[in-house]
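Notes for the one structure printed next.
Proteins come first, then strands; the chains are lettered A, B, ... in the order of their sequence lines, and each starts at number 1. Quick note: numbers below take in every heavy atom, side chains included, and nothing from hydrogens, waters or symmetry partners. A quick note: this is a predicted structure, and the numbers were derived from the prediction, not measured.
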Amino acid sequence: MTTRLRVAPSPTGAMHVGTGRTALFNWLFARHTGGTFIVRIDDTDTARSEKAFEDDILAGLRWLGLDWDEGVGVGGPHGSYRQSDRYGRYEEVAEKLIAEETAYPCFCTPGELETRRAEAEAAGRPPGYDGRCRAIDAVDARHRRNAGERAAVRFKMPRPGTTEFVDLVRGEIRVDHQHVDDFVLLRSDRRPTYHLASTVDDVDYEITHVARGEDLLPSTPRHVQLTLAMGGKEATYAHIPLINGPDGKRLSKRHGAQGVTEYVDAGYLPEALVNYLSLLGWSPSGDASIFPVTESIRLFELTDVQKNPAVFDRAKLDWMNGEYVRALPSDRFNDLAAPYVEQAAGHPLSPEEWSRFEQLSPLIQERAKLLTDIGDQVRFLFVDHDTVVTPETIGIIVSFPEAKPIIENAIERLTSLAEFDHESIETSLRGMLDELGLNARKGLQPLRVAITGSTVSPPLFESMAALGRETVLDRLDAARSRM
RNA sequence: GGCCCCGUCGUCCAGUGGCCUAGGACGCCGGCCUCUCAAGCCGGAAACGGGGGUUCAAAUCCCCUCGGGGCUGCCA
């Protein structure tokens with residue numbers, strides 16, 4: 001039997017990293033088993049669904065490299081893969097269940113339900129639906145509906161009864177229907193609820209494995225009973241633990257970035273995020289922590305997924321991203337860096353400016369954790385001396401002992417250099433250090449600040465070579481005259 | 001409140017009765033290297049929530065307890 005898995009995001013918000021991880025696990029399992037991965041849009045919440053969110057989610061999936069075989073945008077044998085296109089089908093199922101008396105019309109209004117819920121809670125009774133309309137005779141109910149009375153449709157939860165199923169990550173689960181109320185299938189405006197739409201689609205699309213967030217675990221009995229009532233084949237379930245913030249609470253806005261797009265913008269590489277996410281709740285074996293996604297596909301099993309929730313650790317993601325950035329082929333790194341370099345420069349780069357960057361690029365690559373780190377490291381290459389040699393930087397320069405002789409000596413030596421390359425500069429300036437009796441640690445800092453405007457920079461000799469003699473002397477000169 | 005799920009270093013994982021004086025990774029601390037910063041190298045602190053059992057032997061099995069999370073909508 002070939003596996004069919006789906007991810008069914010709801011376009012009521014931007015794509016969350018939790019959605020990304022759930023999608024990743026579904027995708028890994030589909031790829032591991034040679035099955036089919038499907039993307040369906042759960043947009044039955046018409047009030048909150050937005051096309052822009054759908055676009056964000058699809059873009060996020062693509063960015064992560066989670067390609068799908070069937071679904072929105074690629075089509076397939078099951079129609080549009082967008083629930084708002086399938087209202088007719090959901091009504092059809094609901095009516096069929098009413099006819100078979102496994103569902104019934106409910107004439108209670110939202111207001112009535114609300115007051116009864118409040119009463120039940122006050123009295124210490126379970127707040128779920130009390131089943132009032134379940135007792136209405138089917139013929140009477142039909143007359144009332146024919147007469148135009150508004151009704152929702154509720155599922156007749158088999159009672160007494162229990163649902164038992166084997167969850168791939170949690171093992172055997174058993175729930176007494178006593179604790180599951182008669183949930184709404186179709187709203188009184190004829191739109192389906194999540195439970196109906198999702199279950200009907202899973203049955204119609206012949207989904208074999210449903211891997212989703214643990215928050216859906218309590219409603220799984222509803223889904224399996226509904227599936228059975230439809231005469232469908234039960235899927236195998238796997239409930240994946242949620243991702244928490246550092247405080248142990250469900251990951252949310254106050255924990256910082258939670259949208260996949262935010263990670264794109266923050267300069268993360270998709271391979272790094274995928275690698276990191278795959279490790280949240282799962283591990284390939286032993287000690288490996290950096291490994292290609294092909295390795296995850298090879299080894300992934302839903303049964304190996306962790307039961308307990310994981311905390312999203314930004315620091316570890318950052319480290320991992322650095323690993324991936326350093327591992328990039330240099331031309332690939334340059335391509336990725338280009339927009340950040342231009343942004344730092346404030347203008348499109350001329351070929352000459354680009355070659356300045358390229359000279360330094362390997363050293364930048366080693367030092368970048370995030371792509372967004374690049375700008376600050378290269379800005380000094382493209383600005384004029386007034387931006388670098390400011391009153392602030394002069395203040396820092398003069399705070400170093402011997403700053404003045406260092407700068408004067410350097411100007412003299414660099415002016416007379418035959419070749420202005422990294423080796424010549426280094427030889428020359430080390431000669432200066434000897435002459436002044438200074439070690440490199442102390443003696444080079446004033447120059448670094450005068451050249452780059454900061455005490456932290458790429459290696460100095462290479463930076464000078466990339467900048468070119470004229471600019472270097474210009475900055476040193478500006479520094480000397482302002483001290 | 002009720003129902004369900006979960007509980008190994010700060011964090012993510014390994015560990016499925018003896019190989020555990022509990023292993024790795026991130027982070028943290030210290031050192032080395034070093035022109036700053038990274039990277040790299042070396043070293044260190046750091047956990048089986050608690051209590052009872054079962055067993056020759058328990059992080060691993062059972063019970064209780066405590067703690068955390070989820071659900072409890074005509075949201076998904």
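Looking at the side chain of A/Leu217, the nearest of the listed nucleotides B/rC6, B/rC35, B/rC5 is B/rC5. If you check B/rC71, B/rC12, B/rC35 against the side chain of A/Pro459, the one that comes closest is B/rC35. In this structure, of B/rA76, B/rG2, B/rC35, it is B/rC35 that holds the atom nearest to the side chain of A/Ala440. Closest to the side chain of A/Asn308, from the set B/rC74, B/rG69, B/rG7, is B/rG7. Checked against B/rC75, B/rC35, B/rC12, the side chain of A/Arg430 finds its nearest nucleotide in B/rC35. Comparing atom distances between the A/Arg48 side chain and each of B/rC13, B/rA76, B/rC35 picks out B/rA76 as nearest. For A/Leu242, the listed nucleotide lying nearest its side chain is B/rG70; candidates were B/rC75, B/rU36, B/rG70. Distances from the side chain of A/Pro218 to the nucleotides B/rC35, B/rC74, B/rG70 place B/rG70 closest.
A sub-4.0 Å separation between OP1 or OP2 of B/rA76 and a side-chain N or O of A/Thr44 is present. For B/rU36, the OP1/OP2 oxygens have no side-chain nitrogen or oxygen of A/Ser457 closer than 4.0 Å. Of the side-chain N and O atoms in A/Gln306, one or more sit less than 4.0 angstrom from OP1 or OP2 of B/rA14. Phosphate proximity of B/rC3 to A/Arg222: absent, as no side-chain N or O sits under 4.0 Å from OP1 or OP2. Proximity of A/Arg191 to the phosphate of B/rC74: no side-chain N or O atom is located under 4.0 Å from OP1 or OP2. Proximity of A/Arg367 to the phosphate of B/rG40: no side-chain N or O atom is located under 4.0 Å from OP1 or OP2. Side-chain N/O atoms of A/Asn439 include none lying less than 4.0 angstrom from OP1 or OP2 on B/rU34.
At a threshold of 4.0 angstrom between heavy atoms, the contacts of A/Phe461 include nucleobase atoms, whether or not backbone atoms are also involved. Using a 4.0 Å heavy-atom cutoff across all strands shown, A/Leu216 reaches at least one base atom of the nucleic acid. Residue contacts for A/Pro241: at a heavy-atom cut-off of 4.0 Å it reaches no nucleic acid atom on any strand shown. A/Arg125 comes within contact range of no nucleotide atom at all, as no heavy-atom separation falls under 4.0 Å. Here A/Cys106 lies out of heavy-atom contact (under 4.0 Å) with every strand. Note on A/Gly124: nothing from the nucleic acid sits closer than 4.0 angstrom, heavy atoms only. Residue A/Thr193 is classed as a sugar-phosphate contact, given heavy-atom separations below 4.0 Å to backbone atoms only. Nucleic acid contact for A/Gly443: none, since no nucleic acid atom lies under 4.0 Å from a heavy atom of the residue. Across all strands shown, A/Glu366 has heavy atoms under 4.0 Å from base atoms, whether or not it also approaches the sugar-phosphate. Using a 4.0 Å heavy-atom criterion, one finds that A/His239 contacts no nucleic acid atom at all. Residue contacts for A/Leu447: at a heavy-atom cut-off of 4.0 Å it reaches no nucleic acid atom on any strand shown.
Applying the ring-ring contact (aromatic ring centres under 6.0 Å, His included) test between A/Tyr276 and each of A/Tyr324, A/Tyr268, A/Phe312, A/Phe291 identifies A/Phe312 as the sole match.
A gap of 37 Å separates the P atoms of B/rA57 and B/rG69, to the nearest Å. Using P as the reference atom, B/rG23 and B/rG40 are 23 Å apart when rounded to the nearest Å. Comparing the same atom, P, in B/rG68 and in B/rG15 gives a spacing of 28 Å after rounding to whole Å. Taking atom P on both nucleotides, B/rC3 is separated from B/rG73 by 16 Å, rounded to a whole Å. The same atom, C1', is picked in B/rG53 and in B/rU11; the two are 33 Å apart, to the nearest Å. Spacing between B/rG18 and B/rC71 at atom P, rounded to whole Å, works out to 38 Å. Going from the P atom of B/rA46 to that of B/rC63 covers 33 Å, rounded to whole Å. Comparing B/rC19 with B/rA25, their C1' atoms sit 22 Å apart, to the nearest whole Å.
When the C1' atom of B/rG1 is taken as reference, atom CZ of A/Arg117 falls 16 Å away, rounded to whole Å. Rounded to whole Å, the distance from CE on A/Met157 to C1' on B/rC71 is 14 Å. Put simply, NE2 on A/His179 is 13 Å from C1' on B/rC71, counting in whole angstrom units. Separating the CG atom of A/Leu196 from the P atom of B/rC74 is a distance of 14 Å, rounded to the nearest angstrom. As a whole-Å value, the separation of A/Asp376 CG from B/rC37 P is 17 Å. Atoms CD1 (A/Ile240) and P (B/rC4) sit 22 Å apart, rounded to a whole Å.
For A/Arg212 and A/His239, the side-chain atoms include at least one donor-acceptor pair closer than 3.5 Å. In summary, the side chains of A/Gln225 and A/Thr163 do present a donor paired with an acceptor at a separation below 3.5 Å, with no hydrogens or angles considered.
Judged by distance alone with a 3.5 Å cut-off, no donor-acceptor contact links the side chain of A/Arg441 to the base of B/rC35. Applying the 3.5 Å distance criterion, the base of B/rC5 shares no donor-acceptor pair with the side chain of A/Arg170.
The stretch residues 11-24 of chain A participates, sequence neighbours left out, in these side chain to side chain donor-acceptor pair (under 3.5 Å) pairs: A/His16-A/Gln258. The side chain to side chain donor-acceptor pair (under 3.5 Å) pairs that include a residue from residues 430-439 of chain A are A/Asn409-A/Glu435, A/Arg413-A/Glu435, A/Glu426-A/Arg430, where partners are two or more places apart or lie in different chains.
Interatomic distance, A/Met15 CE to A/Leu64 CG, rounded to the nearest 0.5 Å: 5.5 Å.
A/Phe461 is listed as a side-chain neighbour of A/Leu429, based on a closest heavy-atom distance under 4.5 Å.
In this structure, A/Arg6 is not positioned above the aromatic face of A/Tyr205 in the sense of NZ or CZ being under 6.0 Å from the six-membered ring centre and within 45° of the axis.
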Checklist entry - After noting the C-alpha distance and the side-chain angles of A/Lys442 and A/Glu402, does the key distance pass the salt bridge (Lys or Arg N to Asp or Glu O under 4.0 Å) rule? => result CA-CA 9 Å; A/Lys442 297 267 184 203; A/Glu402 312 287 339; over 6 Å; no

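Taking the six-membered ring where tryptophan is involved, the planes of A/Phe29 and A/Phe300 are perpendicular, since the angle between them exceeds 60° and thus also 30°. Ring geometry, A/Phe183 versus A/Phe155: the interplanar angle falls from 30° to 60°, so the pair is classed tilted.
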Quick one: which protein N/O atoms are closer than 3.5 Å to N/O atoms of nucleotides 26-30 of chain B? Pair and distance per line, please.
from	atom 1	to	atom 2	distance (Å)
B/rC26	O2'	A/Lys316	N	3.4

